J.: 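Can you keep this structure in mind? I'll have questions shortly.
Given the structure is predicted, the values throughout are model-derived calculations rather than measurements. Sequential numbering from 1 along the given sequence is applied to the chain's residues.
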Amino acid sequence: MRVLIVDDEPLVRAGLRLVLDPARGIEIVGEAADGPAGVRAVRRLVPDVVLMDVRMPGGDGIEAVRAIRAAGLACRVVMLTAFDTDEFVLEALRAGADGFLLKSEDPDLIEQAVLGTDDGAAMMSAAVLQRLVGLATLPAVPRGAPSGVTVREWDVARLVAMGRSNAEISAALHLSLATVKTHLGSLFAKLGLDNRVQLAILVLDREPRA
């Protein structure tokens with residue numbers, strides 16, 4: 001797994017190098033100190049995963065994510081920050097980030113986000129996910145699924161937006177885990193999405209809090 005680290009603090013970059021274990025198949029292919037340099041490095045180095053700081057004096061990470069997505073560069077971007085305000089979380093995810101972790105996270109969670117070993121779940125720290133769920137006070141009655149999405153698929157999507165795991169969705173809707181995964185795969189295909197984070201943001205945009 002080829003990883004690019006984008007952070008303006010040399011000590012943070014050095015710490016991430018220590019956290020990410022080469023024995024688990026992780027290779028740090030480069031570093032950058034601000035957003036624009038990070039975008040250039042993505043083009044040059046073609047990493048699989050970018051660990052991107054949100055706030056950087058030379059150009060912030062959110063604008064860098066937008067540039068990466070606009071250019072069609074294929075990599076997962078996980079935001080790393082010392083902040084977890086609602087503004088930063090939603091703005092980063094809407095820009096196209098695949099996850100959002102605090103720099104104070106357990107090293108194992110950062111490795112899981114890089115390796116993608118969280119069974120398709122949003123690459124979120126518990127604190128950030130709780131903030132996102134706090135924004136997901138959805139209307140009691142759904143306001144309508146997107147065209148082509150079934151009622152049951154939209155039920156699954158709404159529960160994803162409320163931070164529920166596959167097991168919790170299975171219990172809430174009385175579905176098997178396999179059926180939940182099938183519905184998620186269908187939602188991703190129909191809506192042109194890649195992960196649960198994007199699905200949650202779409203639901204929140206379509207069904208804002210009352």
Side-chain angles (χ1 to χ4, degrees), residues 48-50 52 54 61-63 65-79 84-101 109 112-113 115-210:
D48 300 304
V49 179
V50 181
M52 178 83 73
V54 172
I62 294 174
E63 285 303 318
V65 176
R66 290 195 181 102
I68 288 169
R69 296 303 179 224
L73 301 172
C75 60
R76 286 188 288 128
V77 181
V78 179
M79 308 304 289
D84 63 339
T85 65
D86 298 342
E87 174 190 359
F88 290 137
V89 174
L90 285 176
E91 192 177 356
L93 297 177
R94 286 192 171 113
D98 297 291
F100 204 112
L101 301 178
L109 184 59
Q112 286 175 16
L115 294 169
T117 56
D118 53 354
D119 194 28
M123 290 172 281
M124 292 278 191
S125 69
V128 173
L129 182 57
Q130 190 164 3
R131 283 188 176 273
L132 183 60
V133 171
L135 298 176
T137 307
L138 298 172
V141 178
R143 295 182 179 174
S147 177
V149 173
T150 68
V151 172
R152 184 41 57 100
E153 287 171 347
W154 196 239
D155 289 340
V156 171
R158 284 165 55 88
L159 289 173
V160 167
M162 288 187 277
R164 305 293 179 82
S165 68
N166 284 0
E168 290 169 334
I169 294 171
S170 172
L173 298 180
H174 306 288
L175 300 172
S176 70
L177 277 173
T179 300
V180 171
K181 291 178 180 179
T182 296
H183 283 321
L184 285 171
S186 180
L187 283 162
F188 295 156
K190 289 178 178 180
L191 299 173
L193 305 176
D194 296 321
N195 56 53
R196 298 167 78 100
V197 174
Q198 294 173 0
L199 179 60
I201 293 299
L202 184 146
V203 173
L204 293 178
D205 284 342
R206 288 185 64 91
E207 299 197 5
R209 287 179 291 180

J.: Keeping the roles fixed (side chain from Asp98, backbone from Val77), state whether a donor-acceptor pair exists under 3.5 Å.
T.: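 At least one qualifying donor-acceptor pair exists.
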J.: Please report the shortest heavy-atom distance between Arg196 and Phe188, naming the atom on each side.
T.: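 In this case the closest contact between Arg196 and Phe188 is N-CZ, 3.8 Å.
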J.: Under the rule for side-chain contact (heavy atoms from CB on, under 4.5 Å), what residues qualify as partners of Ala95, not counting sequence neighbours?
T.: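 side-chain contact (heavy atoms from CB on, under 4.5 Å) list for Ala95, sorted by chain: Ile62, Val65, Arg66.
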J.: If you compare all heavy atoms of Ala161 against all heavy atoms of Ala200, which two are closest, and at what distance to 0.1 Å?
T.: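 Nearest heavy atoms, Ala161 then Ala200: CA-CB, 3.8 Å.
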J.: To the nearest 0.5 angstrom, please state how far the CG atom of Leu93 sits from the CG atom of Leu202.
T.: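 Output value for this atom pair is 13.0 Å.
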J.: With sequence neighbours excluded, tell me which residues meet side-chain contact (heavy atoms from CB on, under 4.5 Å) with Ser147.
T.: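 Scan of Ser147 (side-chain contact (heavy atoms from CB on, under 4.5 Å), adjacent residues dropped) gives none.
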J.: Tell me, please, which residues at least two apart from Ser186 pass side-chain contact (heavy atoms from CB on, under 4.5 Å).
T.: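 In terms of side-chain contact (heavy atoms from CB on, under 4.5 Å), with neighbours along the sequence ignored, Ser186 is linked to Glu153, Lys190.
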J.: By the definition side-chain contact (heavy atoms from CB on, under 4.5 Å), identify the one residue from Thr179, Leu193, Asn195, Val160 that meets it with Leu184.
T.: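 With Leu184 as partner, side-chain contact (heavy atoms from CB on, under 4.5 Å) holds for just one option, Val160.
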J.: If you compare all heavy atoms of Val203 against all heavy atoms of Ala157, which two are closest, and at what distance to 0.1 Å?
T.: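 Closest heavy-atom pair between Val203 and Ala157: CG2-O, 3.7 Å.
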J.: Hey, is the main chain of Ala178 close enough, under 3.5 Å, to the side chain of Thr182 for a donor-acceptor pair?
T.: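 Yes; at least one donor-acceptor contact below 3.5 Å.
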J.: Testing the basics here: between Val78 and Phe100, what is the closest heavy-atom pair and its distance to 0.1 Å?
T.: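 Heavy atoms only, the tightest pair is CG1-N, 4.4 Å.
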J.: Can you tell whether the side chains of Arg158 and Asp155 come within less than 4.0 Å, N to carboxylate O?
T.: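 Salt bridge flag = no for Asp155 with Arg158.
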J.: For a quick test of reading the model, state the closest non-hydrogen atom pair linking Cys75 to Val50 and the distance between them.
T.: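 Reported closest heavy-atom pair: SG-CG2, 3.9 Å.
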J.: Apply side-chain contact (heavy atoms from CB on, under 4.5 Å) to Asp205 and Arg94, showing your working.
T.: CA-CA 10 Å; Asp205 284 342; Arg94 286 192 171 113; 2.5 Å; yes
J.: Do His183 and Leu173 come close enough that some side-chain heavy atom pair is under 4.5 Å?
T.: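 They are not in side-chain contact.
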J.: Could you check if a side-chain atom of Arg76 sits within less than 4.5 angstrom of a side-chain atom of Asp194, using non-hydrogen atoms only?
T.: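 No - every pair of side-chain heavy atoms lies 4.5 Å or more apart.
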